[in-house]
Amino acid sequence: MSNKTDAQVVAALVAMGFNERDGRWAQNACLVLFESERESIVASAVTVLPQLDELEIDAVLPAMRRVTRRFPSLQRTVADTLAEMAHAA
């Protein structure tokens with residue numbers, strides 16, 4: 001997705017969050033996008049996670065901690081996402 005605009009990637013993530021039936025595949029796609037250098041892409045990947053089924057918390061939590069170290073400005077986004085995930089569980 002490196003040749004796509006941020007808006008295109010964000011739109012794809014939102015669609016994936018609401019429509020993808022394979023939660024594990026979608027989670028892995030988000031985890032890959034956590035490594036993006038573009039903060040808006042990482043933020044969108046974080047916020048999609050609560051919409052997904054079958055999350056592997058053991059994979060997601062360390063990745064979220066890495067996100068907050070790389071992008072301190074996303075600490076609130078990560079905290080809100082974790083709260084939403086806890087509420088849904």
Side-chain angles (χ1 to χ4, degrees):
M1 288 199 174
S2 60
N3 61 343
K4 302 291 184 189
T5 67
D6 287 10
Q8 290 170 318
V9 176
V10 169
L13 281 165
V14 170
M16 180 179 68
F18 288 112
N19 300 310
E20 181 57 50
R21 293 178 192 250
D22 185 346
R24 191 66 49 90
W25 178 88
Q27 170 198 288
N28 290 337
C30 287
L31 293 178
V32 167
L33 290 172
F34 278 12
E35 301 305 318
S36 174
E37 294 301 320
R38 296 168 9 201
E39 186 174 343
S40 63
I41 301 297
V42 176
S44 296
V46 167
T47 59
V48 164
L49 287 175
Q51 311 305 320
L52 306 176
D53 294 328
E54 304 175 32
L55 287 179
E56 290 178 281
I57 297 303
D58 291 341
V60 170
L61 292 179
M64 298 271 256
R65 284 192 286 274
R66 287 191 300 276
V67 164
T68 59
R69 283 195 300 272
R70 287 182 54 230
F71 297 102
S73 60
L74 293 181
Q75 287 179 348
R76 179 67 181 186
T77 302
V78 168
D80 290 347
T81 298
L82 290 172
E84 190 175 344
M85 289 167 56
H87 180 69

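Everything numeric here is computed off the predicted structure, so don't read it as measured data.
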*Asks:* Side-chain atoms of residues 49-68: list all donor-acceptor pairs with protein atoms under 3.5 Å, sequence neighbours left out, distances to 0.1 Å.
*Replies:*
| residue | atom | partner | partner atom | Å |
| --- | --- | --- | --- | --- |
| Gln51 | NE2 | Glu84 | OE2 | 3.4 |
| Glu56 | OE1 | Gln27 | NE2 | 3.1 |
| Thr68 | OG1 | Arg65 | O | 2.8 |

*Asks:* Return a table of donor-acceptor pairs under 3.5 angstrom between the side chains of residues 13-23 and protein atoms on other chains or two or more places apart.
*Replies:*
| residue | atom | partner | partner atom | Å |
| --- | --- | --- | --- | --- |
| Asn19 | ND2 | Ala15 | O | 3.0 |
| Glu20 | OE2 | Asp22 | N | 3.1 |
| Asp22 | OD1 | Arg24 | N | 3.3 |
| Asp22 | OD1 | Trp25 | N | 3.1 |

*Asks:* Salt bridge (charged side-chain N to carboxylate O under 4.0 Å, His left out) with Asp6: which residues, sequence neighbours excluded?
*Replies:* Arg38
*Asks:* Return all side-chain donor-acceptor pairs below 3.5 angstrom for residues 41-48, not counting sequence neighbours, or 'none' if the list is empty.
*Replies:*
| residue | atom | partner | partner atom | Å |
| --- | --- | --- | --- | --- |
| Ser44 | OG | Ser40 | O | 3.0 |
| Thr47 | OG1 | Ala43 | O | 3.3 |
| Thr47 | OG1 | Ser44 | O | 3.0 |

*Asks:* Got a sec, which residues hit side chain to side chain donor-acceptor pair (under 3.5 Å) with Gln75, two or more places apart in sequence or on another chain?
*Replies:* none
*Asks:* Check salt bridge (charged side-chain N to carboxylate O under 4.0 Å, His left out) between Arg76 and all other residues, then give those that pass, not counting sequence neighbours.
*Replies:* Asp80
*Asks:* Is the closest basic N to carboxylate O distance between Glu39 and Arg70 below 4.0 Å?
*Replies:* no
